[in-house]
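For reference, the structure is listed below as C-alpha cells.
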Amino acid sequence: MGASGKPAGGEIAQTLDRGLQVLEFLGTSADGFTATEVAQHVGVHRSIVARLLATLTARKFATRLDDGRYVVGSGVFSLARMVSRDLISMATPLLRDATERVVATSVLHIADGDEVVTVLSIEPSAANFRVGARGPLPAFAAYGIAILSGRPPRPGERPEVAEARSLGYAVTTGEVVPGYTGIAAPIFTAGGEAMGSVGLVIPAERISEVPALATEVMALAKALSLAGG
C-alpha cells in the first residue's frame with residue numbers, strides 16, 4: 001500500500017483492472033458498445049479488449065448482441081443479488097427504527113436489470129408491499145423513479161425522474177397502493193451507480209409531512225449507500 005492507503009502501481013493486477021474498466025464502461029449505456037468503442041475508452045489495442053470481452057462474455061458478465069455490440073450480462077445482476085443480502089441485513093434495523101419513529105411503512109428496493117424488486121418491507125399498518133414484488137423501473141412509483149434519478153438522464157424518461165434528480169428524492173401517490181404516498185431516495189454503489197432505493201409509505205392525507213419525511217428517507221439512503229461516507 002502507498003502512503004495514501006491506495007494500492008501502489010505494482011500491486012495492481014493490470015488485466016483485472018482493465019477488465020473492470022471495461023465492465024464499468026458497459027454499465028454506462030443500455031444500448032451497449034462495440035469492441036472498438038470499448039478499446040478507445042480503456043485506451044488499449046482492440047485485440048486486448050476483444051480478449052477481455054470474450055472472457056467477460058464467457059463468465060456472463062457481458063453479453064454480445066446480434067449487432068456485435070456488448071452490454072452488461074446477467075452475471076452482474078447475480079452479484080448484485082449477493083450484495084442485496086448484505087444490504088438487507090444492514091437495512092433491517094435502520095428501517096425498523098424509522099418505521100417506529102415516523103409511524104410509516106419503510107421499504108427497500110433493488111434494481112434487477114430493467115426492473116425493480118421489493119426486498120424488504122416493515123409495516124406499522126395496512127399498507128402492504130409484498131417482498132418479491134417486481135415491476136418495470138419507470139412504472140414502479142417513487143421506488144423505481146428514485147433509482148432512475150440516481151442514473152444519467154435517458155431519452156423519454158418520466159418528468160418525475162428529472163424532478164427527483166433535482167430534489168434528491170421521489171414522491172408519488174396511489175401508484176402502488178391506492179390512497180398511499182411513497183417517498184424514496186436512491187441507494188448508490190461505490191461506483192456511484194444507483195442500485196436500489198429506500199422509502200417510506202404514508203397515507204395520502206399525511207402529504208404535508210413529505211418534506212420532513214424526505215429528509216428521513218435521504219438520511220437512510222446515505223446510510224445504506226456503499227458510496228456513502
- Task: Begin with the C-alpha distance, continue with both residues' side-chain angles, and end with the deciding distance and a verdict on side-chain contact (heavy atoms from CB on, under 4.5 Å) for Tyr169 and Ile183.
- Result: CA-CA 7 Å; Tyr169 63 92; Ile183 312 155; 4.1 Å; yes
Are any side-chain N or O atoms of [X] and backbone N or O atoms of [Y], one a donor and one an acceptor, separated by less than 3.5 Å?
X: Thr172; Y: Ala142; answer: yes
X: Arg151; Y: Met195; answer: no
X: Thr173; Y: Thr181; answer: no
X: Glu100; Y: Asp97; answer: no
X: Arg69; Y: Gly32; answer: yes
X: Thr118; Y: His109; answer: no

- Task: Flag the pair Leu65 / Val71 as yes when at least one side-chain heavy-atom distance between them is below 4.5 Å, and no otherwise.
- Result: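 Yes. Closest side-chain heavy atoms under 4.5 Å.
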- Message: Leu26 vs Leu53, test: side-chain contact (heavy atoms from CB on, under 4.5 Å). Steps then yes/no.
- Response: CA-CA 10 Å; Leu26 293 181; Leu53 287 168; 4.2 Å; yes
- Would you confirm whether the ring centroid of Phe33 sits within less than 6.0 angstrom of the ring centroid of Phe25?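 Ring centroids of Phe25 and Phe33 are less than 6.0 Å from each other.
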- Message: Please find the pair of heavy atoms, one from Val116 and one from Ile147, that lie closest to each other, and give the distance.
- Response: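 Heavy-atom minimum between the residues: CG2-CD1, 3.6 Å.
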- Item | For Ala164 against Ser149, the heavy-atom pair lying closest together |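 That closest heavy-atom pairing would be CB-CB, 3.7 Å.
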- Message: Surrounding CD of Glu205 (heavy atoms of other residues, nucleotides or ligands, distance under 6.0 Å), is the total greater than 12?
- Response: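 Yes.
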- Has Arg206 got more than 12 heavy atoms of other residues, nucleotides or ligands less than 6.0 Å from its CZ?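 It does: Arg206 CZ has more than 12 such atoms within range.
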- Are Ile122 and Val103 connected, step by step, through hydrophobic side chains (Ile, Leu, Val, Met, Phe, Trp, Tyr) whose heavy atoms are closer than 4.5 Å?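 Ile122 does not cluster with Val103.
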- Query: Can you hop from Val49 to Leu20 via hydrophobic side chains spaced under 4.5 Å?
  - Reply: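 Hydrophobic grouping puts Val49 apart from Leu20.
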- Show the numbers, then the answer: is there a side-chain contact (heavy atoms from CB on, under 4.5 Å) between Val107 and Tyr143? CA-CA 9 Å; Val107 288; Tyr143 320 102; 3.7 Å; yes
- Any luck finding a side-chain donor-acceptor pair between Arg64 and Thr57 under 3.5 Å?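 Note: Arg64 and Thr57 side chains miss the donor-acceptor criterion.
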- Would Arg154 and Glu157 pass as an ion pair if we require N to O under 4.0 Å?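 So Arg154 does not pair with Glu157 through a salt bridge.
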- Message: With a 4.0 Å cut-off on N to O distance, would you call Glu175 and Arg158 a salt bridge?
- Response: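 Salt bridge flag = yes for Arg158 with Glu175.
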